[in-house]
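This report concerns only the one structure given below.
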Amino acid sequence: MPQRTQARNTANPIRLLAALGLLGAAALLPGCTTNPATGEEQFAALMSPQQERQVGQEQHPKITEQFGGTYDERNIAAYVSELGGRLAAQSEMADLNFTFTVLDSPIVNAFALPGGYVYVTRGLMALAENEAELAGVVAHEIGHVTARHSAERYSQSVVANLGVALLGVLTKSNELANVAGYGAQAYLQSYSRSQEFEADTLGVRYLTRAGYAPDAMASFLAKLDRHSRLQAQLAGKSPDTVDQTNIMATHPRTLDRVEAARQAANVAAVANPRIARDEYLQRLNGMLYGDNPEQGLVRGQDFIHPALRFRFTVPNGFTLVNGQTKVQAAGPNNAVISFDIGKAQGNPSASDYLRAWAGNLRLTNIEAITVNGLPAATGAARASSNNRAIDVRLVAIAGGDGSFYRFAFITPVQVTNQLSQGLRETTYSFRKLSAAEAAKVKPERLKTYKVRGGDTATSLAAKMPAGPLAAERFATLNGLQVGQVPPAGTLVKLVTE
């Protein structure tokens with residue numbers, strides 16, 4: 001055994017000098033300043049307005065790529081830019097060159113980067129009921145910019161990390177001394193409760209100055225809550241579950257807090273406020289809805305990818321969700337189907353690829369099969385998840401170009417036999433599409449429809465593509481209660497293929 005070195009209290013002079021240097025740096029940090037928008041003292045001095053703009057410019061292309069690029073059919077982008085410009089002109093930073101972008105994503109989200117970069121998704125625009133609701137969202141994001149919340153969060157982070165770095169020097173901890181850099185994802189994290197309140201208060205101020213009703217922000221928030229609960233149900237989750245990519249996660253707010261912000265804004269009532277419902281719905285007429293065909297489409301129990309030219313079908317009782325990197329289907333008793341595409345090194349057989357993909361998962365009964373003319377392999381394993389026994393079946397289907405289409409079927413052991421036939425049918429439903437078949441696949445789009453006498457909630461919902469919770473989907477899309485029928489002559493939104 002090596003001889004233990006006796007501990008000494010004498011500090012390393014180099015580390016001590018470094019620590020003193022950090023302490024000096026902390027002492028020299030600029031103090032608080034008064035934010036012109038909020039009127040409050042704020043510590044945001046470690047990111048100047050010029051740096052905010054630079055950060056926004058650097059992160060803008062990364063954000064647009066992450067969210068599927070920009071969307072500009074039917075001059076939607078120009079419309080949002082014009083709307084945003086009117087709102088920004090009412091702010092305390094009217095001279096800032098704001099940039100407003102519509103992202104080609106079905107996710108309901110909105111956010112802002114430092115320096116005046118404001119984003120809304122087409123998924124959010126589809127959910128909004130009128131121009132005033134969209135304006136409420138955009139005004140809220142402008143509020144985050146004018147309140148300099150990103151600069152404030154960054155400055156506080158630097159100070160906190162200075163303390164961590166100081167501790168790292170004193171304890172020789174490289175992990176503690178390593179201060180993580182700020183990237184695009186850092187600006188999508190949730191704001192604090194007080195920052196959300198400030199953004200709502202400023203948003204109400206800009207809304208009313210631009211001639212909109214201040215309660216548009218609250219009406220959209222109520223609709224957003226219903227939408228989030230519905231999406232959770234469609235994904236087989238609890239209605240109380242919030243998707244972390246959803247605006248409800250990145251902007252946690254309640255109707256009570258929004259109402260409190262409206263009162264705090266202390267703005268005069270707007271005479272004849274602009275709502276622009278019919279005009280807004282006509283703007284959306286023909287807009288892409290749901291998945292972009294370039295990322296694949298969910299059609300009831302079918303997943304179809306016209307660009308990559310394949311399709312498959314999941315059993316009834318499973319709900320398909322198209323994600324950024326994989327397709328998942330939630331089924332009964334917490335059963336899950338996961339599908340993605342992997343790339344092989346070299347030219348392995350399907351069985352060899354399956355073993356490599358499985359990694360530490362010990363597959364048994366590996367079998368070579370053929371799926372609609374494509375060589376494939378399958379194998380099963382027993383595993384544990386959350387202290388529960390589960391069965392896992394993997395299927396790898398050779399794509400012929402070094403790629404493999406991959407299914408992972410995960411079932412609690414007590415329902416594996418019950419679900420096995422349907423999951424087997426899913427495997428053999430996979431097939432490649434011809435060019436002609438792929439060309440026939442069209443995306444879903446929003447269509448405005450004028451309600452007629454005799455229309456019912458059921459008949460209106462039936463005009464949309466078939467699927468679970470049809471009545472709820474129609475009602476949520478149009479801000480209605482389930483079963484409610486608008487008066488004849490009212491425009492409503494439908495989803496059509």
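Quick note: residue numbers are just sequence positions, from 1.
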Which heavy atom of Ala470 sits nearest a heavy atom of Ala461, and at what distance? O-CB, 3.8 Å

Contacts of type side-chain contact (heavy atoms from CB on, under 4.5 Å), residue Thr70, not counting sequence neighbours: Thr64, Thr101

May I ask you to decide if Glu367's main-chain N or O and Thr378's side chain share a donor-acceptor pair within less than 3.5 Å? no

Crowding at CZ, Arg424 (>12 non-hydrogen neighbours, <6.0 Å): no

Between the side chain of Asn130 and the main-chain N/O of Ala132, is any donor-acceptor distance below 3.5 Å? yes

With sequence neighbours left out, which residue pairs that include part of residues 320-340 fulfil the ring-ring contact (aromatic ring centres under 6.0 Å, His included) condition? Phe310-Phe339, Phe312-Phe339, Phe339-Phe407

When you check the side-chain N and O atoms of Tyr119 and Asn109, is any donor under 3.5 Å from an acceptor? no

For Ala376, check side-chain contact (heavy atoms from CB on, under 4.5 Å) against everything at least two apart and list the hits. Ile369, Val371, Ile397

Does Asn347 CG have over 12 foreign heavy atoms under 6.0 Å away? no

So that I can tick it off, tell me whether Glu444 and Arg299 are bridged by a salt bridge, with the cut-off set at under 4.0 angstrom between side-chain N and carboxylate O. yes

Looking at Gly290, is its backbone amide N or carbonyl O close enough to the side chain of Arg122 to form a donor-acceptor pair, meaning the two atoms are under 3.5 Å apart? yes

Pairing residues for Arg277 by the salt bridge (charged side-chain N to carboxylate O under 4.0 Å, His left out) criterion, not counting sequence neighbours: Glu129

Pairing donors with acceptors under 3.5 angstrom, does anything connect the side chains of Ser459 and Thr456? yes

Residues in side-chain contact (heavy atoms from CB on, under 4.5 Å) with Arg355, at least two apart? Ser351, Asp352, Ile366

Proximity of Phe111 and Tyr117 rings by center, below 6.0 Å: no

Parallel, tilted or perpendicular: ring planes of His144 versus His140, cut at 30 and 60 degrees: perpendicular

Expected output: side-chain Thr208 to main-chain Pro214 donor-acceptor under 3.5 Å: no

Between Lys440 and Glu497, is there a side-chain N and carboxylate O pair less than 4.0 Å apart? no

Please set out all donor-acceptor pairs under 3.5 angstrom arising from side-chain atoms of residues 473-488, sequence neighbours excluded.
from, atom 1, to, atom 2, distance (Å)
Arg473, NE, Pro468, O, 3.0
Arg473, NH2, Pro465, O, 3.2
Arg473, NH2, Gly467, O, 3.4
Thr476, OG1, Glu472, O, 2.9
Asn478, OD1, Lys493, N, 2.6
Asn478, ND2, Phe474, O, 3.1
Asn478, ND2, Lys493, O, 3.0
Gln484, OE1, Gln481, N, 3.0

Candidates Ile410, Leu419, Thr411 - the one meeting side-chain contact (heavy atoms from CB on, under 4.5 Å) with Asp391: Thr411

Fit a plane to each ring of Phe303 and His305, take the angle between them on a 0 to 90° scale, and name the class: parallel (under 30°), tilted (30 to 60°) or perpendicular (over 60°). perpendicular

Can you label the angle between the Tyr353 ring and the Phe404 ring as parallel, tilted or perpendicular, going by 30° and 60°? parallel

